Amino acid sequence: MSATPLWEVFVRARNGLAHKHVGSVHAADATMALQAARDVYTRRGEGLSLWVVPSNAIIASDPSDRDMLFEPTGSKIYRHPTFYEVPDEVGHM
Amino acid sequence: MYSQALNTKDTAAADSSPQADRFQARIDAEERIEPNDWMPDAYRRTLIRQISQHAHSEIVGMLPEGNWITRAPSLRRKAALLAKVQDEGGHGLYLYSAAETLGVSREELTDQLLSGRAKYSSIFNYPTLSWADIGTIGWLVDGAAIMNQIPLCRCSFGPYARAMIRVCREESFHQRQGYEIMLTLCRGTAEQKAMAQDALNRWWWPCLMMFGPPDTESAHSDTSMRWKIKRFTNDALRQKFVDATVPQGHFLGLTFPDPDLRFDEAAGHWRFGTIDWDEFRRVLAGNGPCNRERLSARQKAHADGAWVREAALAHAAKHRKAA
């Protein structure tokens, strides 16, 4: 028998929050994936909305590229407000 | 519901490559390891084994309690038991999904369970003979599970730790509903109290075995501790459980089936008698009171559901073609 497809599950906990990854489910199609996600991940009012995404649709960065991708921002301290000097007399800005 | 330290011996990675050193340094710095990160093969194998055994235990653990759903003494008890058994199913699924991030397929894991190659917690191979067993399982079996699972929330492998946080949050109702059943029985008629005592007598020793073999016999423990998969030894968790549980039992007015049980004032611990490790090994080897029954119940459920899985896939395939 062929394997039942894998779906990643995301739950929006409260109005205004982003959907957050909670885990995965196996299901033959999208409707059943949504149903399974509801049963498995929201038994106690954990959310207002659910996303299911085919797992193979997620493209992830390679963790070993971490330095190449994210390190350069470490040196760009001029992107932060504290880089700029404002005299105390001016007050909070 | 429960992961048992089954500790099949595995030669530890005598790995001292730069990669392995970096990996250990991350663990020592309390960083979480994520599925795409480099990890030693033995770490991956250990986790696949532990997480899948834990998942199987949740799934098989539905059976002893499921046995009493139709005979729960009131609607309140029935609703609670249904919700609890449904939670165990959910916990099994969280855990399978955590195990799958390590590169093992769900089909493979299911097959390991159904073919009898995989292990699951020995506790679920004991029968639930009376309603008091449902109270005792909640109080003791889930109590032991919580003891074991709380440190797993800080396990070095991210997906396992996150699944455990969800499980622990849901688990506390399991223990409380069990203790409530025991309290009700112990405040009831003499027969009801005798039923509670009988259940405690039968479940106490198997519950102590849930923490796995004594530290002197589990060579595997050191590696798991170094990798921060495990934070406490089997014996340390067992002692913690006994210390927490004995006063709860005395409050119920029950006695423990252990003539050697006594409070050690100096150490502040309850000292208990010798555990029958032969029984533990017998049950793990497949010869407990219910091993065959549990496995055949799972095999039957899987076989009976085959047409549903096939029909769902066929339906999905037909609609993909039409689209």
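The shown structure was predicted, so the numbers you read here are calculated from the model rather than taken from an experiment. Just so we're on the same page: letters track the sequence lines, and every chain starts at 1.
- Looking at Tyr94(B), its side chain never comes within 3.5 Å of a backbone N or O of Val22(A) through a donor-acceptor pair.
- The two residues Ser97(B) and Ser24(A) have their closest heavy-atom pair at CB-OG, 3.1 Å.
- Across all non-hydrogen atoms, the minimal contact from Ala3(A) to Glu107(B) is CA-OE2, 3.3 Å.
- The environment of Arg38(A) atom CZ is sparse: at most 12 non-hydrogen atoms of other residues, nucleotides or ligands sit within 6.0 angstrom.
- Atom CD1 of Ile58(A) sits in a crowded spot, with more than 12 heavy atoms from other residues, nucleotides or ligands closer than 6.0 Å.
- Surrounding NZ of Lys300(B) are at most 12 heavy atoms belonging to other residues, nucleotides or ligands under 6.0 Å away.
- Within a 6.0 Å radius of CZ in Arg71(B), other residues, nucleotides and ligands contribute more than 12 heavy atoms.
- Using a 4.0 Å cut-off between a side-chain N of Lys or Arg and a carboxylate O of Asp or Glu, Arg44(A) and Asp87(B) qualify as a salt bridge.
- In plain terms, the two heavy atoms of Met32(A) and Ala312(B) that are nearest each other are CE-CB, 3.4 Å.
- Only the side chain of His315(B) comes within less than 4.5 Å of a heavy atom in chain A; its backbone stays farther off.
- Side-chain contact between Leu313(B) and Pro5(A) is present, with at least one heavy-atom pair separated by less than 4.5 Å.
- Within a 6.0 Å radius of CZ in Arg117(B), other residues, nucleotides and ligands contribute more than 12 heavy atoms.
- Taking a 6.0 Å sphere around CZ of Arg176(B), one finds it holds 12 or fewer heavy atoms contributed by other residues, nucleotides or ligands.
- The part of Glu100(B) that comes within reach of chain A is its side chain, from C-beta onward, which places non-hydrogen atoms under 4.5 angstrom from that chain.
- You'll find the side chain of Thr4(A) stays beyond 4.5 Å of the side chain of Arg106(B), heavy atoms only.
- Looking at Arg169(B), there are no atoms closer than 4.5 Å to chain A (heavy atoms on both sides), in backbone or side chain.
- The environment of Asp62(A) atom CG is dense: over 12 non-hydrogen atoms of other residues, nucleotides or ligands sit within 6.0 angstrom.
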